[in-house]
Trainee: 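One structure, pasted below without further comment.
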Amino acid sequence: MSDRKQPPPGLVGPVAWLRTNLFGSWPSTAVTLALLYIVARMLFDFAEWAFVHAVWTVPYGPTGIAQTAVCQDAKGTGACWAVIADKYRLILFGRFPYAEQWRPALVIALFVALFALSTIKAVWRRGIESRLVQNIALLAAAAIVLDNAAGLLDTIAAVGFGWHLPLPFDLLFLGNTVGKYALICGLLLLWPAVGVWIGTLGAIGILMFGGQFGLSPVPVDYWGGLPITLILATFGLAFAFPLAILVALGRRSTSMPAVKTLSVVYVELIRGVPLISVLFMASVMFPLFMPPGINVDKLLRAQIAVILFAAAYLAEVVRGGLQALPKGQSEAADAMGLSYWQKTGFIILPQALRLVIPPLVNTFIGFFKDTSLVLIIGLFDLLTMGKVALSDPPWQSFSTEVYIALAVVYILFCYGMSRYSRGLERELNSARGR
Amino acid sequence: MNAIVLDKVNKWFGSLHVLRDISMTVATGEKVVVCGPSGSGKSTMIRCINRLETHQEGRIVVDGTELTDDLRALDTIRREVGMVFQSFNLFPHLTILENCTLAPIWVRKMPKSEAEALAMSYLERVKIPEQAKKYPGQLSGGQQQRVAIARALCMRPKIMLFDEPTSALDPEMIKEVLDTMISLAESGMTMVCVTHEMGFARQVADRVVFMDRGEIVESGPPRRMFEAPETERLKLFLSQILRGD
């Protein structure tokens, strides 16, 4: 094909594209120019408001109260970004003790680093294959489970019967503390992604709660802002996704009618009510059913509600992917003698999940933003903290600026998810020559 | 010894009676070609042999193990019975090599390197070792079906089932798949093959089984079946299928 003809000039290139798409005929040229003018005008006006006439700082009075007269004067012509400069720490970190706010700042950075790291494919590969490391990790996991089970039993015994279990707690506790690090190190070696996730989420927990490594304890009531949003969304989706896969598989089960019924009831029940009512139930009704003395914290209750709710939606998305797979794939796996879980893990899920990346990410993004609904049960997420910041009298009339800043934060995270999913789709599809 | 025994097998899809008193034995090393018009139950019958479909009455014994609801018996049988489908059913997200090594590694618990060497030897046998790193979507239909045959052989089955292996192929690709099947037959494999390729039946089949409306109408050596059909239904079928020849 050495003498293959070049396409005739004027068919390719940016000029040709402009000619065919924007200036193809007189009416289309007119529409293009008109729209160009409107867009340019709007951008120009916005730039003038947001940058040229904007107020970036305001003087502070002797008592430390912001003097917002400059901003009031500029209202309508220029943005008052001074409100962000004054309130950004309140908005991002909530009522977390001021001197300790480096901790939630670090938590945000850890979350972003975790997401960034997770987009690297090599992280998800299997690490070393060593029997010894496997056994150490298993032992560590067993120690942790044992210790927590003993702790739970002890709590139940203490609450229910008023006595303590005669268990060598110090020994078990040692197993637990050492066990945690052993488990994380083992996982990092065996399966880096899982180790990175568990380790980072653990570090985030320590940073937020404090009480270890000389960090002062900070009760959940003082948490707020972006860490709340990120915690609810990340833990929510990380736990909801595996649950959703199990529910979707359960709903398609033919050999276990009880599991199938349970899955259907779960999905229809949770999907049939608004998230707000699930949150209300978690915050108001759930404690009524618990025995006195056991207090599950509000954030954890909201977290469980978000997990259960997201899982019901994700389960239906996953089920869509399962249904789209030709029956032959499952039959071929059966005919080769693969077990149900081998078939599901190697053949069915990898293909089904690939098919539903767009709706999955759609749901992920939706839930990232839906976490802002926790404001109705008194948790202060990013959006709520914006509202709180605006309740400060000097800044009351500058909601536009605050909401624009909040929108930018939300867009950054959501656009990140969207970009990642597009890259993932492209990569997965190109590998198969499609 | 008999590799496969079907004894008065009956099956219904809802109220539709798709297999009626099917009785047949396949000896070890025997090659049986099953033919018949569409809807005659031949695919259903072959799919009952590795329990992709369940029969409701009668007995099916494969390699000395009876097919029941016992999952362990099912596992044993599926290890020993390979199947090739009309629509190939390769796993599109895995490479050709991964398609071939998956079951040996996870079902036969074979070390990865050994499974890969085995897979390469079978890919050479079906004459496409150079495609091992590609994905199924990058191969032609004939190549895909040959990979499917190699994939089934990687489990070192005692019995191979073919469910219309050439029906989804373009004419110029049918020959390469049939050649592979012929060489497999020459190696002494026990084969049950649902196909309309009468040339193939003539060349390799020990016996041809003609099915219609869920029952075995007639069976015998290919020469006798094609040259002196006894029943009207087989005569009609042969006249229709050979019209194109």
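Just so you know, these numbers come straight off a predicted model, no measurement behind them. Below, chain A is the first sequence line, B the second, and so on; all start at residue 1.
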Trainee: Under a plain distance cut-off of 3.5 Å, with no hydrogens placed, do B:H17 and B:N10 share a side-chain donor-acceptor pair?
Mentor: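 Judged by distance alone, the side chains do pair up.
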
Trainee: Which residue is it: B:T195, B:L184, B:V177? I am looking for the one with a side-chain contact (heavy atoms from CB on, under 4.5 Å) to B:F162.
Mentor: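 It is B:L184; the other options fail the test.
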
Trainee: Do you know which of A:A332, A:S330, A:S339 has the most heavy-atom pairs with chain B at a distance under 4.5 angstrom?
Mentor: A:A332

Trainee: Could you tell me whether A:R354 and A:E427 make a salt bridge, using a distance below 4.0 angstrom between a side-chain N and a carboxylate O?
Mentor: no

Trainee: Below 4.5 Å from any heavy atom of chain A, which atoms of B:R47 appear? Answer side chain, backbone, both or neither.
Mentor: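 Answer is side chain: those atoms of B:R47 sit under 4.5 Å from chain A.
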
Trainee: Between B:N99 and chain A, which part of the residue has a heavy atom less than 4.5 Å away: side chain, backbone, both or neither?
Mentor: backbone

Trainee: Please state whether the side chain, the backbone, both or neither of A:Q342 comes within less than 4.5 Å of a heavy atom of chain B.
Mentor: side chain

Trainee: B:F91 ring centre to B:R151 NZ or CZ under 6.0 Å, with the angle to the axis within 45°?
Mentor: yes

Trainee: Contact part of B:L90 toward chain A, heavy-atom cut-off under 4.5 Å: side chain, backbone, both or neither?
Mentor: backbone

Trainee: Apply ring-ring contact (aromatic ring centres under 6.0 Å, His included) to A:F309 and A:Y313, showing your working.
Mentor: CA-CA 7 Å; A:F309 201 77; A:Y313 275 84; 5.3 Å; yes

